[in-house]
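Only a predicted model underlies this, so the values are computations on that prediction, with no experimental measurement involved. First the proteins, then the strands, lettered A, B, ... as listed; each starts at 1.
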Amino acid sequence: MTNGTFTFVKIQHMLLQQTIKNILAQVIQDALRISITENELVIQRTKEEFEGDYTLVLFGLVKKYKLNPEHIGKSIGDASCEKHSNLFKSYNLLKGFLNFSLQDHCLLDFLTATYSNLQFGNAPDNKKLVMVEYSSPNTNKPLHLGHLRNIFLGWSIAALLKERGYNVTKSCVVNDRGIHICKSMIAWQLFANGATPTTVGQKGDHFVGDYYVKFNEAHKKQIEEGITAGLTKEQAEKEAPIMKATQQLLQDWEAGNPDVLELWNRMNQWVYKGFDETYREIGADFDKTYYESKTYLLGKKFVEQGLKDDVFFKKEDGSVWIDLTPEGLDEKLVLRKDGTSVYITQDLGLAEQKFQEYQYEKSIYVIADEQNYHMKVLQLILQKLKKPYANGIYHLSYGMVELPSGRMKSREGTVVDADDLVAEMIAVARAKTEELGKVKDFNPAELNKLYHTLALGALKFYLLRVDSKKKMIFNPQESIDFQGFTGPFIQYTYARIQSILRKEGPAASQPIESKLEKEERELLLSLELFPSILDQAVSEHNPSVVALYIFTIAKLFNSFYTQHSIINATSMASRQLRLRIAALTAIVIQRSMSLLGIEVPNRM
RNA sequence: GGUCCGGUAGCUCAGUUGAAUAGAGCAACUGCCUUCUAAGCAGUAGGUCAUUGGUUUGAAUCCAAUCCGGAUCACCA
């Protein structure tokens with residue numbers, strides 16, 4: 001801090017575990033006269049059944065330096081407690097495990113420094129730009145459960161990145177053109193008699209989705225007729241009149257037929273209005289939206305460049321390919337023989353477009369794992385074209401949400417609709433709240449707000465608590481729980497704390513008890529991990545780390561809460577200590593949940 | 001067939017840079033509300049970590065083989 005200049009000093013809390021590692025590495029060098037870095041040390045939280053807070057696992061040292069564990073354990077333990085008595089209170093040695101107990105004041109210092117810090121966990125701007133693309137719906141049907149997993153994941157990853165200092169741009173690619181939307185258009189022309197979402201009083205995305213279903217019904221019927229008339233199944237699918245009309249519509253669209261464009265635009269607007277409503281309801285937002293209709297031609301110039309650079313090659317029929325067999329993949333088409341571009345080529349163009357607009361360091365694509373191969377190919381092609389942004393592409397691949405009966409199929413009507421599910425969750429939240437009757441003094445607006453908070457808390461937590469890489473099974477018969485490892489459990493813990501803090505908040509001027517109870521210790525040791533948990537979640541691109549963490553915090557607090565009274569603590573100093581612990585727990589819960597996109601209620 | 005992912009308690013999932021007796025939640029069973037919110041807490045029961053072999057002082061975790069499930073390898077998106 002220089003004189004006369006206002007310098008903002010951000011105090012970064014040094015994690016205990018890292019501090020211990022650094023000190024022990026030094027101690028070991030001095031005491032055993034061996035050269036060792038802190039990264040070689042294995043430090044972990046001491047298991048509950050043993051005495052201590054942090055444990056140094058000695059086996060690595062024993063093996064590498066051929067030392068006796070009893071001997072080195074004692075040397076390290078003695079030297080540590082002697083030279084760093086401000087950190088280590090005592091140690092015990094069990095087999096190859098050296099368990100250290102920390103001085104209470106280490107935890108109390110941490111508590112004092114953070115209990116009123118509403119920014120705890122927030123890291124300073126690191127000037128790195130990241131794009132997160134998520135949601136990316138088709139415009140022929142409403143959002144479903146699979147989209148919800150995608151959206152919650154993408155939103156949360158973006159929030160986590162921001163929290164840890166990244167500059168984040170959230171983007172969405174809308175697949176607004178192609179055969180799928182033409183199917184809805186044809187069905188509307190054939191069956192709607194001019195009906196609109198307004199005339200039938202239906203949400204626009206559902207309205208259009210219904211015509212997509214009607215298309216499939218009509219198509220199916222025509223296929224059966226075709227087969228009866230002697231066609232093969234494949235022929236019947238292609239030759240069905242409604243399919244031919246759809247193909248014609250697609251060609252007219254590409255040719256720019258004004259009537260077709262007008263209908264296309266009108267139907268898409270209906271869908272967007274519906275999407276916006278759903279996004280608002282579930283708290284999704286985007287900084288930038290790309291429309292496929294505007295970007296799908298961008299990739300074509302890649303083809304020329306790729307041919308020139310000998311990355312691509314042309315076949316006799318005029319189609320263009322890339323040979324990825326040296327990489328263990330296949331030959332992949334990048335341009336059809338009729339000169340139209342394929343999916344992968346469009347994605348190449350969009351990646352370039354995004355980079356030109358944002359110069360991102362990293363570009364995260366939240367896309368289901370069925371596209372693992374596609375994303376691998378995308379990155380590989382960009383690398384072969386020597387694009388500077390190629391290595392920054394990261395596919396956040398998540399498993400599909402399945403029903404007990406298997407995959408959801410929109411054509412078979414087995415999808416779990418996003419709007420329906422949210423409405424159902426709100427109904428469950430209402431029923432549970434009324435059953436418990438704790439907020440009878442709430443007015444209708446407050447009640448609706450609470451139901452919404454609880455419903456989305458339950459739903460988001462349910463989808464985010466599972467490791468995103470794994471597929472998950474959703475059983476619509478069993479409604480999502482409000483007890484145990486759930487959003488409402490954590491929200492409840494928060495509400496409990498608020499109920500105490502409404503009566504009395506911690507007073508900075510008051511002294512606090514300096515000796516910690518077991519439960520207080522446990523809680524502080526875990527709360528202290530918060531920033532490192534966020535780093536882990538970011539580096540693994542995995543919000544479930546945060547969900548898991550905050551669940552253990554809530555459990556620890558509830559356990560503490562039932563064993564020790566806060567307001568009626570036996571001494572003023574003890575009450576002040578506990579009020580601070582409660583306040584910090586509330587902060588960590590609120591912040592963790594907000595990073596999952598979940599709000600916390602003051603009462604429930 | 002090639003490639004990739006997965007298999008842990010009745011169910012849904014943690015734990016996989018190797019480390020102490022493999023953990024939660026739900027469901028089942030026992031207790032605990034005149035005390036800060038019982039959407040809670042404490043406890044009981046439940047396991048051949050798919051199988052077999054290997055590496056290691058030590059394997060759910062690493063290696064190999066096998067079995068089972070899924071995804072993908074489209075001039076679909």
Side-chain angles (χ1 to χ4, degrees), chain A residues 39 42 44 46-47 49-50 55 57-60 62-63 69 94-97 99 136 138 175 177-180 292 296 315 317-321 328-338 340-344 346-347 368-374 376-377 397 399-400 402 404 406-407 429 432-433 435-436 438-439 454 458 462 465-467 469-475 478 481-493 495-504 544-545 547-548 551-552 554-555 557-569 575 578-579 582 603-604:
Chain A
N39 294 332
V42 180
Q44 51 194 217
T46 304
K47 295 229 172 197
E49 54 267 41
F50 304 101
T55 295
V57 181
L58 298 170
F59 296 109
V62 168
K63 190 176 189 176
L94 226 77
K95 297 189 214 167
F97 299 92
N99 304 320
S136 306
N138 289 353
N175 303 118
R177 49 136 255 133
I179 196 80
H180 58 270
E292 192 195 324
Y296 80 110
K315 287 196 176 175
D317 63 2
S319 58
V320 182
W321 297 72
L329 306 177
D330 306 89
E331 286 187 353
K332 191 86 185 167
L333 178 90
V334 293
L335 195 72
R336 296 190 187 100
K337 65 184 174 200
D338 63 6
T340 57
S341 67
V342 290
Y343 184 47
I344 190 98
Q346 297 172 28
D347 274 354
D369 61 6
E370 62 182 351
Q371 295 201 36
N372 284 354
Y373 179 80
H374 172 80
K376 205 168 164 183
V377 169
S397 165
M400 315 268 274
E402 294 182 6
R407 278 180 77 161
K432 301 236 179 205
T433 303
E435 189 187 315
L436 293 171
K438 293 182 185 181
V439 287
L454 295 177
Y462 180 85
R465 68 179 198 185
V466 181
D467 184 348
K469 287 188 289 293
K470 296 187 179 171
K471 74 171 182 196
M472 60 185 296
I473 294 170
F474 174 79
N475 190 341
E478 304 163 12
D481 243 303
F482 278 57
Q483 275 156 18
F485 187 18
T486 67
F489 169 83
I490 293 152
Q491 290 170 319
Y492 173 71
T493 308
R496 267 183 154 180
I497 296 174
Q498 291 311 309
S499 154
I500 295 165
L501 296 179
R502 270 196 298 276
K503 292 194 172 73
E504 182 180 356
S544 74
V545 170
L548 235 68
F551 175 59
T552 66
K555 265 201 307 189
F557 182 84
N558 282 324
S559 182
F560 160 67
Y561 174 97
T562 45
Q563 289 175 71
H564 304 287
S565 177
I566 295 171
I567 296 293
N568 297 317
R575 189 168 87 215
R578 289 175 186 172
L579 284 171
R603 290 179 56 194
M604 65 185 273

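For A:Thr55 against B:rA20, a side-chain N or O and a base N or O form a donor-acceptor pair under 3.5 Å.
Within the 4.0 Å cut-off from OP1 or OP2 of B:rA42, not a single side-chain nitrogen or oxygen of A:Lys555 is found.
Nucleotide B:rC33 is shown with a syn base, its glycosidic torsion being within 90° of 0.
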Under 3.5 Å between N/O atoms: give me all the protein pairs with nucleotides 74-76 of chain B, atom names plus distance.
unit_1, atom_1, unit_2, atom_2, d
B:rC75, O3', A:Arg336, NE, 3.4
B:rC75, N4, A:Asp317, OD2, 2.2
B:rC75, N4, A:Ser319, OG, 3.4
B:rC76, OP2, A:Arg336, NE, 3.4
B:rC76, OP2, A:Arg336, NH2, 3.3

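Not counting sequence neighbours, A:Ser341 has no partner by the side-chain hydrogen bond (donor to acceptor under 3.5 Å, both in side chains) test. Under the side-chain hydrogen bond (donor to acceptor under 3.5 Å, both in side chains) criterion, A:Gln483 pairs with no residue at all, not counting sequence neighbours.
The CD-P distance, from A:Gln483 to B:rA38, rounds to 13 Å in whole Å. Across the protein-nucleic acid pair, A:His374 atom NE2 and B:rA71 atom C1' stand 15 Å apart, rounded to whole Å.
Spacing between B:rC62 and B:rG25 at atom C1', rounded to whole Å, works out to 30 Å. B:rA27 and B:rG15: their C1' atoms are spaced 22 Å apart (whole Å). Nucleotides B:rG70 and B:rA28 are separated by 32 Å at their C1' atoms, to the nearest Å.
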Contact letters for nucleotides 6-18 of chain B, in which S counts primed atoms plus P, OP1 and OP2 and B counts the base, heavy atoms under 4.0 Å: -S----SSS-B--

For nucleotides 60-65 of chain B, give me one character per nucleotide, 5' to 3': B if any protein heavy atom sits under 4.0 Å from the base, S if the only such contacts are to the sugar-phosphate, - if neither. ------

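Of the two residues contacting RNA chain B, namely A:Pro488 and A:Phe59, the nearest-nucleotide position lying further toward the 5' end is that of A:Phe59.
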According to the Watson-Crick and G-U wobble definition with distances under 3.5 Å, which dot-bracket string, read 5' to 3', encodes RNA chain B, using [ ] for crossing pairs and | for pairs with another strand? ((((((((.[[[[.)...(...]]]].(((((.......))))).....[[[[[..)....]]]]])))))))....

